[in-house]
Chemist: 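Provided herewith is a single structure, encoded as structure tokens, for subsequent inquiry.
We name chains A, B, ... by the order of the sequence lines, and we start the count at 1 in each one.
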Amino acid sequence: MKNSAKISLHSLYDKLYKNYGSQGWWPLVDLKPEINPTQRGSYTGYHPGNNNYPKNEDQIFEIIIGTILAQNTSWVNAEKALWNLAQENLISENKLNKLDLDELAQIIRPSGFFNQKAIKIQNMLQFLQKNPISSLKKLEINVLRQNLLDIKGVGPETADSIVLYAFNKPIFVNDAYTKRLLSRIGLIPEKSTYDFIQNLFHSQINANFVVYNEYHALIVQHCVYVCSSKPKCSMCFLNQYCQKIIPIKSKKKAKKSKSINKTNK
DNA sequence: GCCCAGGAGCCCG
DNA sequence: CGGGCTCATGGG
């Protein structure tokens with residue numbers, strides 16, 4: 001287990017891309033009548049089309065709302081909330097500004113944490129009134145990121161997702177999947193901080209919007225279906241590089257230290 | 001019923 | 001600065 005060869009971040013990207021291809025994030029809601037809920041992004045693999053093009057302000061706005069709705073939930077659930085908004089033609093600053101907090105919360109219910117997320121969306125709306133999307137586009141990347149981080153309810157992953165996927169600026173989006181994958185293949189310690197992991201990518205992968213866009217999306221793709229919390233190591237094309245191959249059907253816990261706290265809770 | 005999902009804020013030592 | 005808690009729906 002320990003003598004597996006380490007893979008570089010470049011090589012990891014190449015292998016993910018070779019296996020999964022372009023992910024075309026960010027997935028946008030598509031209200032075309034022939035597209036029913038079971039044909040949308042979350043069901044067809046998250047990426048119905050290539051979204052790597054300059055976005056208009058409506059699309060930027062939708063992505064910003066989507067990043068908040070997607071916090072700590074499945075994209076399927078976040079998309080249901082977006083779908084609810086879209087059906088009432090509410091994915092616009094003007095419309096959302098007229099909506100009161102409780103109405104908004106009910107509409108986005110499927111995304112979970114809906115009371116908190118409604119507040120976060122309103123915080124974002126206030127921010128956008130002072131800082132319209134047209135002006136945000138002109139900001140230097142780190143200034144934009146910091147402005148977003150100052151909004152209550154926008155943490156590092158959400159800010160970076162907006163910078164990258166809404167504004168097409170090159171920044172690497174770290175997340176729970178990235179940490180899980182990298183720690184399993186032995187590239188980082190399990191308790192690495194957000195910034196440490198992000199800096200690792202920034203130091204080894206040249207700043208490029210398309211690459212950062214695809215890289216994060218590819219990691220999500222791989223971790224949802226293969227390197228999941230109960231990983232499918234036998235079908236993983238990375239298992240020759242992995243430090244933590246978990247045999248299928250293993251019912252006993254690998255370590256007993258951590259599970260004790262949980263079961264006694 | 002339990003576990004998990006593209007986090008963030010807050011509190012506490 | 002790190003760890004634990006809270007927020008909550010929906011699918012497996």
Chemist: Whole angstrom is fine here: how far is it from CG in A:Leu181 over to P in B:dA5?
Modeler: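 That distance rounds to 13 Å.
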Chemist: Name the closest nucleotide to the A:Pro156 side chain, picking from B:dA8, B:dG9, C:dA8.
Modeler: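 Between B:dA8, B:dG9, C:dA8, the one nearest the side chain of A:Pro156 would be B:dA8.
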Chemist: Scan every strand shown for a Watson-Crick or G-U wobble partner of B:dG1, both distances under 3.5 Å, and answer none if you come up empty.
Modeler: none
Chemist: B:dA8 P sits how many Å from A:Asp195 CG, rounded?
Modeler: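 Result: 12 Å.
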Chemist: Using only side-chain N and O atoms of A:Asn115, determine if any of them is under 4.0 Å from OP1 or OP2 of C:dA8.
Modeler: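 For A:Asn115, the contact criterion (side-chain N or O under 4.0 Å from OP1 or OP2 of C:dA8) is met.
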Chemist: Counting only side-chain nitrogens and oxygens, does A:Lys117 get under 4.0 Å of the OP1 or OP2 atom of B:dA8?
Modeler: no
Chemist: The side chain of A:Lys80 lies closest to which of these nucleotides: B:dC10, C:dA8, C:dG10?
Modeler: C:dG10
Chemist: Would you mind classifying the nucleic acid contact of A:Gly155 as base, sugar-phosphate or nothing, using non-hydrogen atoms under 4.0 angstrom?
Modeler: sugar-phosphate
Chemist: Select one nucleotide: of C:dT9, C:dC7, B:dC10, the one nearest the side-chain heavy atoms of A:Pro110.
Modeler: C:dT9
Chemist: In this structure, how many angstroms lie between the P atom of C:dC1 and the NZ atom of A:Lys191, rounded?
Modeler: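 After rounding, the reported distance stands at 17 Å.
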Chemist: What are the two closest heavy atoms between A:Lys169 and A:Leu139, and how far apart are they?
Modeler: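 For A:Lys169 and A:Leu139, the tightest heavy-atom pair comes out as NZ-O, 3.5 Å.
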Chemist: A:Trp75 and A:Trp26: aromatic ring centres closer than 6.0 Å?
Modeler: yes
Chemist: Nearest-Å distance, CD (A:Gln221) to C1' (B:dA5)?
Modeler: 15 Å
Chemist: Less than 4.0 angstrom between a side-chain N/O of A:Ser74 and OP1 or OP2 of B:dC4, yes or no?
Modeler: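 Negative; the distance criterion is not met.
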Chemist: What is the distance, to the nearest angstrom, from the OH atom on A:Tyr194 to the P atom on C:dG3?
Modeler: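 These atoms are roughly 19 Å apart.
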Chemist: With a non-hydrogen cut-off below 4.0 angstrom, is A:Ile151 in contact with a base, only sugar-phosphate, or nothing?
Modeler: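 Result for A:Ile151 = sugar-phosphate.
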Chemist: Can you confirm whether or not the ring centre of A:Tyr13 sits under 6.0 Å from the ring centre of A:His216?
Modeler: no
Chemist: Strictly under 6.0 Å, is that where the ring centroids of A:Tyr215 and A:His10 end up?
Modeler: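 They do not qualify: ring centres at least 6.0 Å apart.
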Chemist: So if you build clusters from Ile, Leu, Val, Met, Phe, Trp, Tyr with side-chain heavy-atom gaps below 4.5 Å, do A:Leu136 and A:Leu149 land together?
Modeler: no
Chemist: Grab the CG-C1' distance between A:Asn72 and C:dA8 for me, whole Å please.
Modeler: 10 Å
Chemist: By nearest atom, which of the nucleotides B:dA8, C:dG10, B:dC4 is closest to the A:Ser229 side chain?
Modeler: B:dC4
Chemist: Over all strands shown, is A:Val154 touching base, sugar-phosphate only, or nothing at heavy-atom distances under 4.0 angstrom?
Modeler: sugar-phosphate
Chemist: Heavy atoms only, 4.0 Å cut-off, all strands: where does A:Lys230 land among base, sugar-phosphate and nothing?
Modeler: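 Touches nothing.
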Chemist: Choose from C:dC7, B:dA8, C:dG10 the nucleotide whose nearest atom is closest to any side-chain atom of A:Asn77.
Modeler: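 Of the candidates, C:dG10 comes closest.
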Chemist: Side chain of A:Glu157 only, heavy atoms from C-beta on: which candidate in B:dA8, B:dC10, C:dT9 is closest?
Modeler: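 Ranking B:dA8, B:dC10, C:dT9 by closest atom to the A:Glu157 side chain puts B:dA8 first.
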Chemist: Pick the closest DNA chain B nucleotide for A:Lys152 and for A:Gln116 by heavy atoms, then say which residue is nearer the 5' end.
Modeler: A:Gln116
Chemist: So, the side chain of A:Lys179 versus the backbone of A:Thr193: is there a donor-acceptor pair under 3.5 Å, distance only?
Modeler: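 No; zero donor-acceptor contacts below 3.5 Å.
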Chemist: Give the rounded distance in Å between these two atoms: CD1 of A:Ile162 and P of B:dG7.
Modeler: 14 Å
Chemist: If the cut-off is 4.0 Å, is A:Lys120 near the phosphate of B:dG7, judged by side-chain N/O to OP1 or OP2?
Modeler: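 For A:Lys120, the contact criterion (side-chain N or O under 4.0 Å from OP1 or OP2 of B:dG7) is not met.
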Chemist: Can you measure A:Leu149 atom CG to B:dG9 atom C1' for me and round it to whole angstrom units?
Modeler: 13 Å
Chemist: OP1 or OP2 of B:dA5 sitting under 4.0 Å from any side-chain N/O of A:Arg180?
Modeler: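 It does, given that an N or O in the side chain of A:Arg180 lies less than 4.0 Å from OP1 or OP2 of B:dA5.
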